Amino acid sequence: MHLSAVVPLGLAAVAAASSGCSALHRSLPSSVFAKGSSVYNYEAQNFWSNTEIMSPACVFRPQSSGQLAKGLKALVHEEAQFAVRGGGHMGIRGSNNIDGGVLVVMSNLTTLQLNQDKSLVSVGPSHRWSDVYSYLGQFNLTAAGGRLGPVGVPGLLLAGGVNFYGNQVGFSADTVINYEVVLANGSVIEVNKISYPDLFWALKGGSSNFGLVTRFDMQTIPSRKVWAGIHTVAAPYVDRFLQASATFAANISDKKTHVVPALIAGNSTLGSVILFYDSDTIAYPESLKPFTDIPAISSTVGFKTMSEFAAETGEAVTPHINDVFVAGTVTGTNYNELLQGISIINTTFFNELPKLYAQVPAANISIIELDWQPIGADWIKASNARGGNPLGFDEAKVYLCYAEVVEWIGSAYDKIVASWVEETTYAINNATQKAGLYDPFNYMGDAAGFQSIFPGYGAENHQKLVSIAQKYDPTAVFQSLMPGGFKVY
Ligand SMILES: Cc1cc2nc3c(=O)[nH]c(=O)nc-3n(C[C@H](O)[C@H](O)[C@H](O)COP(=O)(O)OP(=O)(O)OC[C@H]3O[C@@H](n4cnc5c(N)ncnc54)[C@H](O)[C@@H]3O)c2cc1C
Ligand SMILES: *[C@@H]1O[C@H](CO)[C@@H](O)[C@H](O)[C@H]1NC(C)=O
Ligand SMILES: *[C@@H]1O[C@H](CO)[C@@H](O)[C@H](O)[C@H]1NC(C)=O
Ligand SMILES: *[C@@H]1O[C@H](CO)[C@@H](O)[C@H](O)[C@H]1NC(C)=O
Ligand SMILES: *[C@@H]1O[C@H](CO)[C@@H](O)[C@H](O)[C@H]1NC(C)=O
Ligand SMILES: *[C@@H]1O[C@H](CO)[C@@H](O)[C@H](O)[C@H]1NC(C)=O
Ligand SMILES: *[C@@H]1O[C@H](CO)[C@@H](O)[C@H](O)[C@H]1NC(C)=O
Ligand SMILES: *[C@@H]1O[C@H](CO)[C@@H](O)[C@H](O)[C@H]1NC(C)=O
Ligand SMILES: *[C@@H]1O[C@H](CO)[C@@H](O)[C@H](O)[C@H]1NC(C)=O
């Protein structure tokens, strides 16, 4: 069963799609799967959310980067449209899937291997972060990847990657020292700071605009256990909880920390914060006290391995739900500005919420959440020290990248939720803009399909990304034949 409204394709596109499948069938018969086959049935449903399910003409599941290169050349030759899916967690319809075209899946690119001195781990794009953490855990190591175990490796690393170690290492992508990439012309190249340095920079936030990544070589991080958990407080403490968020953001002086404070809407609003401290000996560190001093209705904080923690946070991920995530950012330089930014987002969002409840029954709402991710000077310095990325952060400011999350049951509500979040987001951003706290950065990993990403990186970085895309993909294969995802132009 799927719920896609099949978009009527032009005759030429239909012909090209089927010629893409036939061309793949001719050149790589054992890696292409027709509608109705068991592999098609499995892979076409192998997405996180219901929102992502569509009706591709066939599935291409390459066994190696060489096969992917050969298949890509065949698709380009036929001018056939395709989509690419890694972990399938970008919950935007059409970002990683396609009606009537070829769905390319990374399921069989399964490299997961430490190098000899264990300083680097090579990860294929089939993997989820839970795979990476359980593999590295055997060696008392981890990596700066996703905070929730089920999330996919490739999409996160190509978006930047907000991670628990950010104040020590920057974005997840900043810890990648080499990429294996299949270019539009079918070349398979190794991309690092010495070979193709411009492309190396562009891949750290530029998404799928330049090539298809078949291996990421990432730095490892020693880790036996961390002190971490989810600390949840009741409605009467919500104001104090938001103040704690501003207190933390105004003074991110302890690099071992990361927090994700969130409000969960319901009959009574809850404050729930993911707390992380990179230590296997220190509990309740000073820097997290603004949160841990608030009495909890439930708390899971304690010493655990990264693998255990990512499994715990992963329990919050509901499969086959309908979803929308929306991203936005406020900045500030002190407690008052940061609290004001948080407060405007909070108030605007909760003021708009009755309009949503009036249209979607409570029984069909799975979760409504608002969260904030603080990114300050240490994080941005760590990114820059590793060579930088296109995201365009300024060390002089503290960024609170917020996300609105709505998950529901029943595609009947898709349009209602979509227009509600769009209106609510504009209302929030107009209000933060008026207060002088708005920033145009929208984190790709949390963004909705109606949002733009690259203008928020700043005009100069955006233009550089456009030039790099043109240099490595002169015929714009990754924009025209692969329409899904966020495009630089
Ligand atoms: C529950 C949940 C928790 C999350 N937690 C975090 C978090 O802690 N930190 C964070 O930074 N983000 C987080 N995110 C956002 C996440 O980074 C993005 O959803 C990301 O796209 C997931 O990667 P994926 O491989 O699963 O994505 P997919 O949906 O498979 O792919 C995303 C995009 O990348 C393209 N793509 C995929 N693989 C490749 C490849 N190999 N080469 C080129 N292009 C490719 C796809 O075509 C698509 O456009 C979370 C998302 C969810 C739903
Ligand atoms: C390819 O991936 C699928 C899905 O994970 C798996 O069932 C299958 O065994 C893999 N095939 C090969 C040849 O690795
Ligand atoms: C990992 O750390 C534990 C202690 O927490 C130790 O007992 C074990 O030997 C270590 N394993 C490796 C592979 O270093
Ligand atoms: C709120 O309370 C009402 C009445 O008790 C109940 O029907 C509804 O399901 C609750 N909603 C949520 C989101 O808990
Ligand atoms: C900043 O936080 C640290 C704890 O991480 C604390 O010791 C220090 O007093 C705080 N500084 C200010 C100015 O609040
Ligand atoms: C957050 O919003 C709620 C609901 O509008 C409001 O009661 C609360 O005072 C707000 N808190 C802050 C700090 O903005
Ligand atoms: C609302 O959710 C219920 C399950 O909670 C589901 O059975 C029903 O189909 C949903 N309503 C619509 C209109 O999709
Ligand atoms: C302000 O709101 C309008 C529509 O109401 C919208 O077009 C505009 O993009 C909003 N501004 C921001 C910064 O989101
Ligand atoms: C493919 O493109 C790359 C980068 O532009 C170039 O170096 C390489 O020579 C091209 N390969 C072929 C076979 O044209």
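Because the structure is a prediction, the values reported are computed rather than measured. Atoms within each ligand, like the ligands themselves, are counted from 1 in listed order.
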- Task: Sort out for me which residue in S18, S22, S19 forms a side-chain hydrogen bond (donor to acceptor under 3.5 Å, both in side chains) with E78.
- Result: S19
- Query: With the threshold set at 4.0 Å, does a side-chain nitrogen-carboxylate oxygen contact exist between D278 and K255?
  - Reply: no
- Message: Taking the basic N atoms (NZ, or NE/NH1/NH2) and the acidic carboxylate oxygens, is any pair closer than 4.0 Å for R85 and E43?
- Response: yes
- Query: Which of these, N178, V123, L109, sits in a side-chain contact (heavy atoms from CB on, under 4.5 Å) with R215?
  - Reply: N178
- Is the Lys NZ or Arg CZ of R147 less than 6.0 Å from the centre of F276's six-membered ring, within 45° of the axis? no
- Message: Can you confirm if the aromatic rings of Y284 and Y277 lie within a centre distance of less than 6.0 Å?
- Response: no
Ligand 9: protein N/O within less than 3.5 Å of ligand N/O:
| from | atom 1 | to | atom 2 | distance (Å) |
| --- | --- | --- | --- | --- |
| ligand 9 | 2 (O) | N185 | ND2 | 2.3 |
| ligand 9 | 11 (N) | N185 | ND2 | 2.9 |
| ligand 9 | 11 (N) | S187 | OG | 3.0 |
| ligand 9 | 14 (O) | N185 | ND2 | 3.4 |

- Item | Face-on cation placement of K204 at F200 ring, 6.0 Å and 45° thresholds | yes
- Under a 4.0 Å heavy-atom limit, does Q138 contact ligand 3 with its side chain, its backbone, both, or neither? backbone
- Does any N or O atom in N251 lie less than 3.5 angstrom from one in ligand 5, N or O only? yes
- Location of contacts on S253 toward ligand 5, heavy atoms closer than 4.0 Å: side chain
